[in-house]
Amino acid sequence: MAMRLWLSLTLAALMAASVPAQDARSVLQAAAKAMGVENMRSIQYTGTGWQGMVGQNFAPDRDWPRVDLTSYTRTIDFDTMSSREEYVRAQGNNPTQGGGAGFPFLTPQKVVNFVSGNSAWTLNAQGQPVAQPGAAELRQIEILTTPYGFLKGAMVPGANPTVVTRNEYGQRVHVVSFVALGKYRINGTINAQSLVHRVQTWIPNPVVGDLYYENVYTNYRAVNGVQVPRFHQHQDFDDGGHQPNVSGGDHAFGLETISDVRLNVPNAAVAVPEPVRTAKPEPVRVQTQKLGEGLYLLAGGSHNSVAVDFNDHVVVIEAPLNEERSLAVIGEVYRLIPNKPIRFVVNTHHHWDHLGGIRTYVHEGATVVTHEANRPYYQEVLRARPWLLQPDRFALYPPEEWSEGYIFETVREKYVLTDGSRVVELYNIQGLPHAAGMLIAYIPREKIVVQADLYNPAAAAPNANNRAFQRNLQRLKLDVATIVGIHGNPAPMAQFVGFVNKTN
Ligand SMILES: [Zn+2]
Ligand SMILES: [Zn+2]
């Protein structure tokens with residue numbers, strides 16, 4: 001009896017494993033036929049939807065802040081791996097709480113992004129091309145993660161796709177996989193109707209490492225001989241099923257309605273403008289400005305840091321962007337202030353452009369000073385993900401103190417860094433739409449406030465963040481002469497007051 005039961009279990013297991021082992025190519029060919037991709041050389045689709053500002057949520061456990069895409073058109077030419085994406089984004093009725101990258105949008109913004117093979121560019125407000133050499137791989141991945149681009153990419157000679165099957169939503173589905181551009185694994189789930197249901201990959205990111213990037217395609221309908229889905233994209237995970245929930249950002253892009261689809265459109269291949277063709281990535285520059293004795297602004301890029309010389313160590317305020325920026329700034333700090341370790345790195349807030357350099361400082365041996373609300377996110381997310389696509393020093397030579405958790409100093413309302421002579425006071429900014437847990441640094445000797453995203457001297461009109469900043473300076477009764485931004489040039493306090501009191 002026992003033996004018979006064992007035998008029948010074995011048989012059942014064998015049958016499950018021997019679901020007709022269709023090879024990847026036949027699965028792809030069936031999908032190409034069902035989807036109308038066989039004779040597709042180019043496609044153009046137009047619709048409306050939404051966009052999430054990745055890495056710019058109000059708090060780490062919230063979703064990416066969202067804007068409407070009031071118009072959206074993408075044209076892809078598969079032979080040349082080129083794409084023209086044009087959209088207008090507007091605040092619409094989306095909540096205004098939370099977000100950098102110009103959020104909330106007071107006026108609609110037009111964006112035009114291009115890729116052609118290894119060249120990527122955008123158009124500035126004057127309509128002139130601006131090279132974006134760092135974006136070319138990601139834009140090609142965007143093509144390859146459309147349902148059509150996935151099938152085309154997986155069927156390119158030499159792609160060597162593999163296939164597994166699994167049960168999902170009551171169906172046995174195929175997951176076909178190939179490696180694009182030499183390193184990006186791209187997986188496409190093809191359902192029982194031979195429609196591409198999901199395309200997933202990972203892209204390198206300085207905050208979370210191999211960033212999960214997924215497009216979910218549902219609600220297919222036939223338009224002009226091609227199957228057209230609802231587009232729904234995630235970047236990173238909402239870990240709402242975990243306790244505690246520390247990472248909430250995931251919704252990155254969606255097209256809810258598609259109004260027009262054209263196949264094999266004339267002039268779909270875009271020509272690369274000459275200045276773009278020859279563009280090289282901008283070298284990282286650090287330009288130092290002395291703000292006081294042992295006090296330096298480290299500028300020269302889109303984001304600044306501030307270095308403060310203490311008795312036997314250095315404090316750096318803000319580690320923005322990525323490891324490349326951090327290494328350049330750290331090198332300059334050690335040139336300016338030799339023979340002292342960087343013991344603390346102050347992080348103003350959790351937005352990714354202000355956080356991407358922090359791992360380099362942790363590897364350097366610095367303790368992270370941040371608002372207490374950020375700690376679970378930093379502790380879990382920054383260390384836990386795979387970091388294979390573009391490994392940094394932290395990934396290659398991991399410091400155990402991060403995983404063991406004793407490299408944080410957290411701030412609720414006020415925290416003071418001092419050696420008895422030099423003083424840096426950190427304060428929480430209350431009632432701010434831009435981000436929860438935002439710190440400013442006040443340096444009494446020079447009457448300087450260091451702030452991120454609370455005042456941009458180049459802005460045209462004051463917003464709710466500027467007003468919250470002013471209210472907090474009044475609440476804290478800080479005697480401020482100069483406002484030093486993580487963005488832009490230092491500005492006199494009087495200039496800020498005049499700006500924020502403007503009525504239009
Ligand atoms: Zn921000
Ligand atoms: Zn910023």
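Both counts, for ligands and for their atoms, begin at 1 and track the order of listing. Side chains included, hydrogens not; waters and symmetry mates left out as well; all remaining heavy atoms used. All of these numbers come straight from a predicted model, not from anything done at the bench.
Closest of all the heavy-atom pairs between Leu181 and Glu137 is CD1-O, 4.0 Å.
Between the OG1 atom of Thr360 and the CG atom of Asn322 there is a distance of 8.0 Å, given to the nearest 0.5 Å. Here the CD-CD distance, from Gln235 to Glu214, works out to 11.0 Å after rounding to the nearest 0.5 Å.
The Zn ion (ligand 1) has no N, O or S atom of Asp353 inside 2.8 Å of it. In summary, His354 places an N/O/S atom under 2.8 Å from the Zn ion (ligand 2), meeting the contact criterion.
The atom name of the N/O/S atom in His351 closest to the Zn ion (ligand 1) is ND1. Counting just the N/O/S atoms of His487, the one with the shortest distance to the Zn ion (ligand 2) is named NE2.
Between His349 atom NE2 and Asp453 atom OD2, the angle centred on the Zn ion (ligand 1) amounts to 90° (nearest 10°).
Within 6.0 Å of CD in Glu274 there are more than 12 heavy atoms belonging to other residues, nucleotides or ligands.
Look at Arg359 and Glu323 and you find no salt bridge, because none of the NZ, NE, NH1 or NH2 atoms lies under 4.0 Å from a carboxylate O.
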